[in-house]
Amino acid sequence: CFIFFGPPCWREISGSIKERRKHKKSITTTTLQTNTKLFKAYNDGIMETVKFLINEGGVVNSVNKNGQTLLILSIFDSDIDMVKFLLNKKADPNIKDRYGNDALLYAIQKHSNFKIKKMLVENGANINTKNKKGRSAIILSILNGQKQSTKYLLEKGAILNILSDDKDITVDLLLKI
C-alpha cells in the first residue's frame, strides 16, 4: 500500500494498528492476572502452583509492589529449591527493588545459605552492584562477617575498592580487614 493511494489504504493501516493495540491490551491484562496469581500462590506457600504458572507462561521476572521478584522472595525464605527453579527458568538476579537491592545483596543481608549466593553469581549476578545506600555485596559480606562469601566474591573478581557512600561503614570495613 502506497501513501498516494488515498484514504482506503489508511483505514487498513489504522485498523491493523487498532487490532494490535487491542491484542496487546488483552495480553497485558492476561499477564497481569497471571502475575497476580503467581504472587498469591507464592505468598500462600503453594509452590507447585507457582511452578505450574511459570511453566505455563507466567513472567518469571514479575515484581510485586515493592519491586521484588519471586527470586528475591525465595531468598527471604531461604528456599534453595525455588531459587534453583527460578534461575533455571532464567530469572534475572540483577533486578533491583525500590531500595536498590538485588537478589545477591539480599542473599548476603539475610545470611542466606552459601549455595544460594554461589548459584546467583553463577547465573549472572553482578558482584559489584550497589544498593541505594551505596553498599556493595563485598562490603555487606565483610560487615556481616561472612568470610566464605567474602572470599568467594573476591575470587570471582569483586572490586574491594568500591567503598560505601557512608563514611562510617567505610571506616568499619577498613577496621575489619
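All values reported here derive from a predicted model rather than from experimental measurement.
When all heavy atoms are compared, the tightest approach of Ala137 to Ile127 is CB-O, 3.7 Å. Closest heavy-atom contact between Leu38 and Ser62: CD1-OG, 4.2 Å. The two atoms that bring Asn64 and Phe39 nearest to each other are N-CZ, 3.6 Å, heavy atoms only.
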_Let's go through Leu73 and Thr69 carefully: what are the C-alpha distance in whole Å and the side-chain angles of both, what is the deciding distance for side chain to side chain contact (heavy atoms under 4.5 Å, CB included) to 0.1 Å, and is it a yes or a no?_
CA-CA 6 Å; Leu73 296 178; Thr69 62; over 6 Å; no

*For Lys40 and Asp44, run side chain to side chain contact (heavy atoms under 4.5 Å, CB included): C-alpha distance rounded to whole Å, both residues' side-chain angles, the deciding distance at 0.1 Å, then the answer.*
CA-CA 6 Å; Lys40 180 167 181 9; Asp44 291 345; 2.8 Å; yes

*asked:* Test side chain to side chain contact (heavy atoms under 4.5 Å, CB included) on Lys130 and Arg135; report intermediate values, then the result.
replied: CA-CA 5 Å; Lys130 285 184 173 182; Arg135 296 180 184 159; over 6 Å; no

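At least one side-chain heavy atom of Leu120 sits less than 4.5 Å from a side-chain heavy atom of Ile116. By the 4.5 Å heavy-atom criterion applied to side chains, Ile138 and Ile159 are not counted as neighbours. In this structure, the side chains of Lys65 and Arg98 stay at 4.5 Å or more apart for every pair of heavy atoms. Using a 4.5 Å heavy-atom threshold, the side chains of Glu122 and Lys118 count as touching. The shortest distance between side-chain heavy atoms of Leu70 and Val60 does not fall below 4.5 Å.
No side-chain donor-acceptor contact under 3.5 Å links Lys90 and Asn123. Inspection of the Asn66 and Tyr99 side chains reveals no N or O donor paired with an N or O acceptor under 3.5 Å. With hydrogens and angles left out, the side-chain atoms of Ser141 and Ser149 include no donor and acceptor closer than 3.5 Å. No hydrogens or angles considered: nothing links the side chains of Gln148 and Lys117 as a donor-acceptor pair under 3.5 Å.
With hydrophobic clusters built from ILVMFWY side chains whose heavy atoms lie under 4.5 angstrom apart, Val83 shares a cluster with Phe52. Linking ILVMFWY residues whenever their side-chain heavy atoms come closer than 4.5 Å, directly or via other members, places Tyr106 and Ile80 in the same cluster. Under the 4.5 Å side-chain heavy-atom criterion for ILVMFWY residues, a single connected hydrophobic cluster contains both Met47 and Ile54. Taking hydrophobic clusters as Ile, Leu, Val, Met, Phe, Trp and Tyr residues chained together by side-chain heavy-atom distances below 4.5 Å, Leu154 shares a cluster with Ile142.
Side-chain atoms of Tyr42 come within 3.5 Å of backbone N or O of Ser74 as a donor-acceptor pair. Looking only at distances, no side-chain donor or acceptor of Gln68 sits under 3.5 Å from a matching main-chain atom of Val63. Within the 3.5 Å criterion, the main-chain N or O of Lys133 finds a donor-acceptor partner in the side chain of Asn131. No donor-acceptor pair closer than 3.5 Å links the side chain of Thr129 to the backbone N or O of Asn126. Put simply, the side chain of Asp92 gets close to the backbone of Asn94: a donor and an acceptor are under 3.5 Å apart. Remark: the backbone N or O of Leu104 is paired with a side-chain donor or acceptor of Asp102 at under 3.5 angstrom.
Taking CG of Leu71 as the start and CG of Asn61 as the end, the distance is 8.0 Å to the nearest 0.5 Å. Taken from CG in Asn101 to NZ in Lys132, the straight-line distance is 9.5 Å, to the nearest 0.5 Å. Note that CG of Leu86 is 8.5 Å distant from CG of Asp79, once rounded to the nearest 0.5 Å. The CD atom of Gln109 sits 11.0 Å away from the CD1 atom of Ile75 when rounded to the nearest 0.5 Å. Note: Phe114 CZ to Met119 CE = 11.0 Å, rounded to the nearest 0.5 Å. Distance CG/Leu53 to CD/Glu48: 11.5 Å, rounded to 0.5 Å.
For the pair Lys51 and Phe85, the cation sits on the ring face: its NZ or CZ lies under 6.0 Å from the ring centre, inside 45° of the axis.
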